[in-house]
Amino acid sequence: AKFFQEMYTLDVVTNPRGSKILQWLLGEVSLDADETEVLSKGGLKDDATKKKEVLQRSPKLNSIALEHTEALMASRPGAAFVKQLILFHPSDDLIHRVVAVVTQDPKATLDHDVTHAALKTLLLQESKLEQTAFGDAFASKIDIAHWASLSNRGAFVIDALLTNPNTDRR
């Protein structure tokens with residue numbers, strides 16, 4: 001039963017609509033009129049109550065992100081979900097797991113159209129929120145000059161990292 005529950009949740013996380021609704025519940029993502037209408041038909045609970053209930057399940061969502069980091073970072077909805085978890089419900093374990101995945105093979109990370117864009121977006125959004133946990137962990141594991149020299153995508157990722165003036169660049 002546990003296997004099917006986890007697979008069902010993973011399917012929701014990697015589904016564009018399912019992921020967007022989870023992102024809305026976890027952070028600051030806007031829903032379109034159709035999605036808002038569907039959610040409002042789902043009961044009498046207001047947005048704050050719905051978000052609170054999902055956040056009570058956030059350790060399970062975090063464990064799914066930890067267990068399936070590579071697959072999630074390779075899909076647009078999955079990467080967006082991981083980004084929301086890191087930005088709005090940070091966990092050192094998840095931050096270090098994502099850093100390990102994206103730094104394992106820098107060329108493969110940068111060659112993958114979803115993974116490199118997710119990494120760049122995460123770094124830029126972290127900067128807007130004046131956070132540094134992910135950027136600090138990422139910067140501590142890479143050679144900035146090497147990443148910037150791998151490709152133009154590498155340069156864009158490093159530019160996103162350096163956009164945050166508070167990131168520890170060691």
Side-chain angles (χ1 to χ4, degrees), residues 3 6-30 55 58-170:
F3 171 77
E6 287 188 17
M7 289 309 296
Y8 173 75
T9 306
L10 184 60
D11 288 343
V12 171
V13 170
T14 56
N15 175 286
R17 286 231 185 230
S19 176
K20 189 172 181 184
I21 290 170
L22 284 172
Q23 292 172 58
W24 170 76
L25 290 164
L26 292 168
E28 300 176 357
V29 170
S30 298
L55 293 180
S58 135
K60 177 157 177 66
L61 296 175
N62 196 55
S63 69
I64 287 171
L66 281 168
E67 190 173 328
H68 302 285
T69 307
E70 289 181 29
L72 292 172
M73 290 300 291
S75 83
R76 289 190 201 309
F81 168 72
V82 170
K83 180 186 68 182
Q84 289 297 106
L85 277 175
I86 288 175
L87 293 174
F88 298 104
H89 307 282
S91 140
D92 287 342
D93 290 341
L94 182 56
I95 287 170
H96 292 296
R97 177 74 180 120
V98 171
V99 167
V101 165
V102 300
T103 60
Q104 180 178 347
D105 183 350
K107 182 121 177 66
T109 294
L110 297 173
D111 286 345
H112 195 280
D113 62 324
V114 173
T115 308
H116 96 276
L119 177 59
K120 181 180 81 169
T121 303
L122 175 56
L123 290 164
L124 289 171
Q125 289 188 345
E126 185 179 57
S127 179
K128 286 181 185 175
L129 295 171
E130 298 181 1
Q131 298 175 3
T132 63
F134 183 80
D136 289 345
F138 179 64
S140 74
K141 298 291 183 192
I142 66 166
D143 174 347
I144 290 176
H146 175 70
W147 269 68
S149 70
L150 287 173
S151 68
N152 65 337
R153 289 179 174 181
F156 289 130
V157 167
I158 296 306
D159 182 58
L161 174 69
L162 300 177
T163 297
N164 192 339
N166 302 313
T167 298
D168 183 5
R169 298 180 185 112
R170 295 175 220 226

Original post:
Taking the side chain from Ser140 and the backbone from Ala137, do they hold a donor-acceptor pair closer than 3.5 Å?
Top reply: yes

Original post:
Can you tell me how far CD1 of Ile86 sits from CG of Leu129, rounded to the nearest 0.5 angstrom?
Top reply: 12.5 Å

Original post:
Can you tell me how far the OG1 atom of Thr163 sits from the CD atom of Gln125, to the nearest 0.5 Å?
Top reply: 12.5 Å

Subject >> Within 6.0 Å of CG in Asp92, more than 12 heavy atoms from elsewhere >> reply: no

Subject >> Partner of Val82 under side-chain contact (heavy atoms from CB on, under 4.5 Å), chosen from Asn62, Val98, Leu66, Leu61 >> reply: Val98

**OP:** Run the salt-bridge test on Arg97 and Asp93 with the 4.0 Å N-O cut-off and return the result as yes or no.
**Re:** no

**OP:** Taking the side chain as every heavy atom from C-beta outward, state whether Lys83 and Thr121 have any atom pair closer than 4.5 Å.
**Re:** yes

**OP:** Measure across Ser75 and Val114 and return the closest heavy-atom pair with its distance rounded to 0.1 Å.
**Re:** C-CG1, 3.6 Å

Original post:
Between the main-chain N or O of Phe134 and the side-chain N or O of Glu126, is there a donor-acceptor pair closer than 3.5 Å?
Top reply: yes

**OP:** Show the numbers, then the answer: is there a side-chain contact (heavy atoms from CB on, under 4.5 Å) between Leu122 and Phe138?
**Re:** CA-CA 11 Å; Leu122 175 56; Phe138 179 64; over 6 Å; no

**OP:** Drop me the distance from His116's NE2 to Lys107's NZ, to the nearest 0.5 angstrom.
**Re:** 12.0 Å

Original post:
What heavy-atom pair brings Ala148 and Ile158 nearest, and what distance separates the two atoms?
Top reply: N-CG1, 3.8 Å

**OP:** Give a yes or no on whether the backbone of Ala108 and the side-chain of His112 come within a donor-acceptor separation of less than 3.5 Å.
**Re:** no

**OP:** With Thr115 as reference, evaluate Val101, Leu110, Thr109, Leu72 under the side-chain contact (heavy atoms from CB on, under 4.5 Å) test and give the passing residue.
**Re:** Thr109

Subject >> Any donor-acceptor pair under 3.5 Å from Asn166 side chain to Thr132 backbone >> reply: no

Subject >> Inter-residue atom distance Leu161.CG - Ile142.CD1, 0.5 Å rounding >> reply: 5.5 Å

Subject >> Cationic N near anionic O, under 4.0 Å, Arg76 to Asp113 >> reply: yes

Subject >> Exam field: side chain Asn164 to backbone Gln131, donor-acceptor pair closer than 3.5 Å >> reply: yes

Subject >> Spacing of Leu94 atom CG and Ile64 atom CD1 [to the nearest 0.5 Å] >> reply: 12.0 Å

**OP:** Step through it carefully: locate the ring centre of Phe156, locate the ring centre of Trp147, and say whether they are under 6.0 Å apart.
**Re:** no

Original post:
At what distance, to the nearest 0.5 angstrom, does CG of Asp159 lie from CG of Leu123?
Top reply: 10.5 Å

